[in-house]
Amino acid sequence: MKGIINSLFSQRRRGRTVSLLIVTIAFIVLQAMVMSKSLSRLLISLLVPVCAYIVAAIGLNLNVGFSGELNLGQAGFMSIGAFTSVILSGILNANGISGIPVLILCIIAGAVMAAVIGWLISVPVLKLQGDYLAIVTLAFGQIIMSLINNLYCGIDAKGLHFAFVTNDIVLSEGGKMLISGPMGATGVSTVSTFTAGFILVVIALLVVYNLIDSRRGRAIMAARDNRIAAESIGISISGTKTLAFVVSSCLAGAAGALYALNYSSFVATKFDFNSSILLLVYVVLGGLGNMSGTIISTAVLVVLPEMLRFLQNYRMLIYAVVLIVIMLVSNNAFLKTKAEQLKKKLAAGKKGAAENV
């Protein structure tokens with residue numbers, strides 16, 4: 001037992017163990033509160049969206065924190081996963097399939113579609129660096145949002161029908177519009193659950209941590225730290241950055257599918273530039289490369305605006321002030337030094353206790 005605990009909390013596995021413990025404990029506590037009806041309806045309604053944003057932020061942290069590439073198009077990949085899941089769920093429902101199978105298939109489809117699109121655009125995009133890459137990924141997110149905002153899709157006995165810009169779709173009796181341009185997705189079957197969100201978060205953490213601990217993960221970080229040195233020892237810079245970008249896109253697509261199937265209707269503008277910036281804020285605030293911090297910061301910053309809703313016109317002002325204060329505190333050199341000293345004391349205490357045993 002002692003050996004297992006030491007292995008789980010070793011320097012290599014500590015981050016993974018802490019992240020999984022945080023997620024598991026939070027799930028158990030919140031599920032117990034839901035079962036005992038001690039959680040408000042507002043917070044219950046936020047459980048699935050929080051999970052979706054955590055998954056998307058974990059993917060973005062891989063891209064920004066470990067690969068070192070500034071991606072401002074993560075919300076665009078979420079929208080790809082979201083609207084892919086809407087179309088697929090409409091097809092499955094029309095064929096009499098419902099419930100959990102729909103959710104699983106839609107999450108897989110959303111993740112695969114986002115990964116494929118991510119791979120296609122990574123070829124030209126990842127030749128750029130720094131601010132140029134940020135601008136291009138930002139433009140990509142806006143293009144995706146504009147395209148979906150002008151897309152019409154319906155399903156009837158004859159199959160799927162698509163139209164662009166102008167809705168000239170004529171459905172037969174019993175047909176159903178799935179995507180209605182600026183009105184977004186309508187009549188979506190809501191099958192997402194908090195349990196599914198928890199499982200998806202765990203899968204995202206395992207995928208990212210296993211990638212980071214692998215040979216390819218070390219290559220990704222080597223390319224981030226020193227591009228020239230990495231190339232000199234035979235590391236493919238484009239290959240490592242493409243891998244990180246595609247995995248990040250895949251997780252964002254899965255998150256978008258989970259988010260979409262939690263609402264009966266939503267619009268494409270939900271995944272706009274502001275959503276990408278918020279995801280980046282979650283990652284930066286939690287710490288680049290710190291998955292545990294990303295989980296906590298995402299959960300807090302998604303819930304905080306809703307908790308401040310009673311303040312009406314002042315809630316976003318207070319939210320912005322809280323963000324500024326947290327950023328200043330988290331980047332304070334004195335506090336960072338004290339935190340490092342506390343970590344060393346705790347580590348020394350654990351080592352002494354182990355030796356005494």
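This chain uses plain numbering: 1 for the first residue, then up along the sequence.
Defined by atom type and a distance below 3.5 Å, a donor-acceptor pair is missing between the side-chain atoms of Ser192 and Asn262. Side-chain N/O atoms of Ser89 and Ser189 include no donor and acceptor closer than 3.5 Å.
Note that CG of Leu138 is 11.5 Å distant from CZ of Phe140, once rounded to the nearest 0.5 Å. Taken from CG in Leu243 to CD1 in Ile220, the straight-line distance is 4.5 Å, to the nearest 0.5 Å.
A pairwise comparison of heavy atoms in Ser98 and Val102 identifies CA-CG2, 3.4 Å as the closest pair. Taking every heavy atom of both residues into account, Leu258 and Thr193 meet most closely at CD1-O, 4.5 Å. The heavy-atom pair separating Gly118 from Val246 by the smallest distance is C-CG2, 4.3 Å. Residue Ser292 comes nearest to Tyr209 through the heavy atom pair N-OH, 4.5 Å, listed as atom of the first residue, atom of the second, then distance. Closest approach of Thr84 and Met113 over heavy atoms only: OG1-CG, 3.5 Å. Contact between Val34 and Leu39 at its shortest, heavy atoms only, is CG2-CD2, 3.9 Å.
Ser276 places a side-chain N or O within 3.5 Å of a backbone atom of Ala75 that can act as its donor or acceptor partner. Put simply, the side chain of Thr137 gets close to the backbone of Leu72: a donor and an acceptor are under 3.5 Å apart.
At most 12 non-hydrogen atoms from other residues, nucleotides or ligands lie less than 6.0 angstrom from CE of Met183.
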Exercise. Step by step, work out the side chain to side chain contact (heavy atoms under 4.5 Å, CB included) result for Phe194 and Val50.
Key: CA-CA 9 Å; Phe194 180 41; Val50 166; over 6 Å; no
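In this structure, Phe271 has its ring center closer than 6.0 angstrom to the ring center of Tyr259.
Salt-bridge annotation for Asp213 and Arg16: present, with a side-chain N of the basic residue lying under 4.0 Å from a carboxylate O of the acidic one.
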